[in-house]
Amino acid sequence: MKNALTGLILLVIVAAAGWYFTQEESSTGINSETTSSTEKMETKEASSSTPSGSSSSSDSEEDEGYEDIDERPAAEIYKTAAAALEAVKKGAQDYDDIVLEQFTEPGEDCTWCPSFYASITDMMKDSTSSEDEKAYYSEILAISGKVDHIKTLVESIEEAGKSDDADILAESLEMTIGGDDVVEYLKGRIEDKNELLQESVVAAITNQGSQFAAETLYDHTVKKGDKDGYYSLGIGLAEMIPDEGTLPYLQKQMMKRDDYSHLATKALLNQGYDGLVIVFDTLSNSKDPEKDKALLIDAIDHVTFEDEIEAYAKKYVEEGKDQFLVDFAKEILEDFALEYEDEDEDDEEL
């Protein structure tokens with residue numbers, strides 16, 4: 001009897017709870033479909049805290065919490081030197097990379113650029129500017145793509161002597177962007193007696209990808225008799241990411257199989273798939289495997305992480321005839337496997 005009574009009480013409780021929730025859904029208009037929508041909205045609100053520039057999963061999300069990044073060159077964004085200066089001053093406070101991107105070769109039709117860069121130079125030299133501000137303003141000069149502004153930066157490094165400012169400006173010079181006219185100017189300072197300036201010039205030329213830049217670095221390295229080619233400093237020919245048109249020149253230097261050919265080999269690998277194929281083709285059917293193998297010392301660090309390269313390496317392991325190249329292809333695949341493991345671990349941490 002007691003069990004029957006207990007069952008009856010439970011039945012009443014369940015029925016009452018069912019009636020309550022039915023009334024709640026009816027009064028609020030919630031059903032399974034809108035509940036799903038609510039969950040999506042909560043997810044969206046959580047994701048709106050993602051930094052601006054991140055991709056969103058739908059157009060509607062872009063309207064809530066996402067900020068579009070203006071990737072146009074500065075000459076198109078800002079109409080006056082005053083507006084451009086205001087943006088740069090603000091960007092300098094937190095070293096805003098987006099603003100730096102806008103001022104990377106800001107555009108040919110820039111009527112306000114002369115007065116703008118004159119002000120940037122003054123602010124860079126201003127003793128009241130903080131170190132971060134000086135670094136930011138000097139980098140604006142370095143990425144302008146204009147010889148005159150690169151020259152201003154170089155001369156400012158000379159004027160700074162051995163002060164901390166010289167180090168700050170030299171680091172910015174290493175970020176130089178420009179065409180062969182910029183490389184031509186820098187070439188004239190590549191043997192400067194000021195060691196800080198000279199190495200920064202080498203780094204600045206390394207930052208370019210043209211054949212002229214590669215020739216300048218190669219010729220300077222050979223003239224200096226430096227078999228390391230600044231490699232231990234993380235600059236020089238071996239650290240260049242060459243343009244496609246530079247590949248034949250690098251292959252030519254690689255084929256010399258001399259003390260400097262390893263630098264050209266690394267530069268080719270930096271380019272990606274096309275460069276890697278050139279390296280394998282050049283070393284295939286080797287007449288001196290041991291000598292050619294020396295060109296691949298430390299070369300694995302320059303192989304880029306691309307699906308095409310992974311597929312090529314797998315095929316070479318299966319079909320290749322030169323054992324030292326088969327071994328190198330296996331090393332590439334081992335590196336890829338480690339990369340996949342690291343990505344999986346990162347995903348698990350998230």
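Given the structure is predicted, the values throughout are model-derived calculations rather than measurements. Along the sequence shown, residues carry numbers from 1.
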task = Could I get the full list of ring-ring contact (aromatic ring centres under 6.0 Å, His included) partners for Y273, not counting sequence neighbours?
result = none
ask   = Can we say K125 and E159 salt-bridge, meaning some charged N sits less than 4.0 Å from an Asp/Glu carboxylate O?
value = yes
key: Distance-minimising heavy-atom pair for S172 and A142   = O-CB, 3.2 Å
query = So, Y136 side chain and D96 main chain: donor-acceptor pair closer than 3.5 Å or not?
reply = yes
message = Set out, in order, the CA-CA distance, both residues' side-chain angles and the distance that settles side chain to side chain donor-acceptor pair (under 3.5 Å) for T176 and N207, then state yes or no.
response = CA-CA 7 Å; T176 293; N207 209 30; over 6 Å; no
remark   = Taken in chain and number order and not counting sequence neighbours, the residues that satisfy ring-ring contact (aromatic ring centres under 6.0 Å, His included) with F116 are F103, W112
inquiry  = For the CD atom of Q253 and the CG atom of L237, what is their distance to the nearest 0.5 Å?
reply    = 8.5 Å
task = Tell me, with the steps shown, if H302 and Y231 meet ring-ring contact (aromatic ring centres under 6.0 Å, His included).
result = CA-CA 12 Å; H302 298 264; Y231 185 61; 5.6 Å; yes
inquiry  = Taking S286's backbone N and O only, do any of them form a donor-acceptor pair with D322's side chain (distance below 3.5 Å, no angle check)?
reply    = yes
message = Using 0.5 Å steps for rounding, measure from the CD atom of E310 to the CD atom of E339.
response = 11.0 Å
request  = Flag yes if more than 12 heavy atoms outside K223 fall under 6.0 Å of its NZ atom; otherwise flag no.
outcome  = no
request  = Give the C-alpha distance, both sets of side-chain angles, the deciding distance and a yes or no for side chain to side chain donor-acceptor pair (under 3.5 Å) between Y78 and Q102.
outcome  = CA-CA 10 Å; Y78 308 103; Q102 294 169 351; 2.8 Å; yes
remark   = ring-ring contact (aromatic ring centres under 6.0 Å, His included) filter on Y316, not counting sequence neighbours, yields F280
key: Side-chain donor/acceptor of D126 to backbone N/O of T128, under 3.5 Å   = yes
ask   = Can you say whether the rings of H149 and Y117 are parallel (under 30°), tilted (30 to 60°) or perpendicular (over 60°)?
value = parallel
query = Quick check: are there more than 12 heavy atoms from other residues, nucleotides or ligands sitting under 6.0 Å from CG of D301?
reply = yes
ask   = Is it true that R189 and E158 make a salt bridge, defined as a side-chain N closer than 4.0 Å to a carboxylate O?
value = yes
Expected output: side-chain T104 to main-chain L100 donor-acceptor under 3.5 Å = yes
From CA spacing to verdict: side chain to side chain donor-acceptor pair (under 3.5 Å), D258, S261 = CA-CA 5 Å; D258 61 14; S261 294; 3.0 Å; yes
inquiry  = Salt bridge check, D292 against R257: does any charged N sit closer than 4.0 Å to a carboxylate O?
reply    = yes
query = Which pair of non-hydrogen atoms, one from E105 and one from G145, has the smallest distance, and what is that distance?
reply = CG-CA, 4.0 Å
ask   = Is M175 linked to I157 within one hydrophobic cluster, defined over Ile, Leu, Val, Met, Phe, Trp and Tyr using a side-chain heavy-atom separation of less than 4.5 Å?
value = no
key: Carboxylate-amine/guanidinium proximity below 4.0 Å for K134 and D165   = yes
ask   = Only one of T265, T282, D281 forms a side chain to side chain donor-acceptor pair (under 3.5 Å) with Q251, so which one is it?
value = T282
query = Do other residues, nucleotides or ligands put more than 12 heavy atoms under 6.0 Å from E306 CD?
reply = yes
message = Treating D259 as the side-chain partner and K227 as the backbone partner, does any N or O pair qualify as donor plus acceptor under 3.5 Å?
response = no
key: Main-chain N/O of I190 paired with Q198 side-chain donor or acceptor, under 3.5 Å   = yes
message = Taking P242's backbone N and O only, do any of them form a donor-acceptor pair with T246's side chain (distance below 3.5 Å, no angle check)?
response = no
task = Step through the shown structure and confirm whether more than 12 heavy atoms of other residues, nucleotides or ligands are within 6.0 Å of CD1 on I177.
result = yes
request  = Look only at the side chain of H262 and the backbone of M254, and say whether a donor-acceptor pair between them is shorter than 3.5 Å.
outcome  = no
key: Under-4.0 Å salt bridge between D148 and K146   = no
inquiry  = Does E86 have more than 12 heavy atoms from other residues, nucleotides or ligands lying within 6.0 Å of its CD?
reply    = no
inquiry  = So does G178 get a backbone contact from the side chain of Q208, meaning a donor-acceptor N/O pair under 3.5 Å?
reply    = yes
task = Mark yes or no for whether N270, through its side chain, and M240, through its backbone, hold a donor-acceptor pair below 3.5 Å.
result = yes
message = Taking NZ in K90 as the centre, count heavy atoms belonging to other residues, nucleotides or ligands within less than 6.0 Å. Is the count above 12?
response = no
key: K89 bridged to E133 by N-O distance under 4.0 Å   = no
task = May I ask you to check whether over 12 heavy atoms, not counting those of E76, lie within 6.0 Å of atom CD?
result = yes
For the student: nearest non-hydrogen atoms of L263 and T221, plus distance = CD1-CG2, 4.0 Å
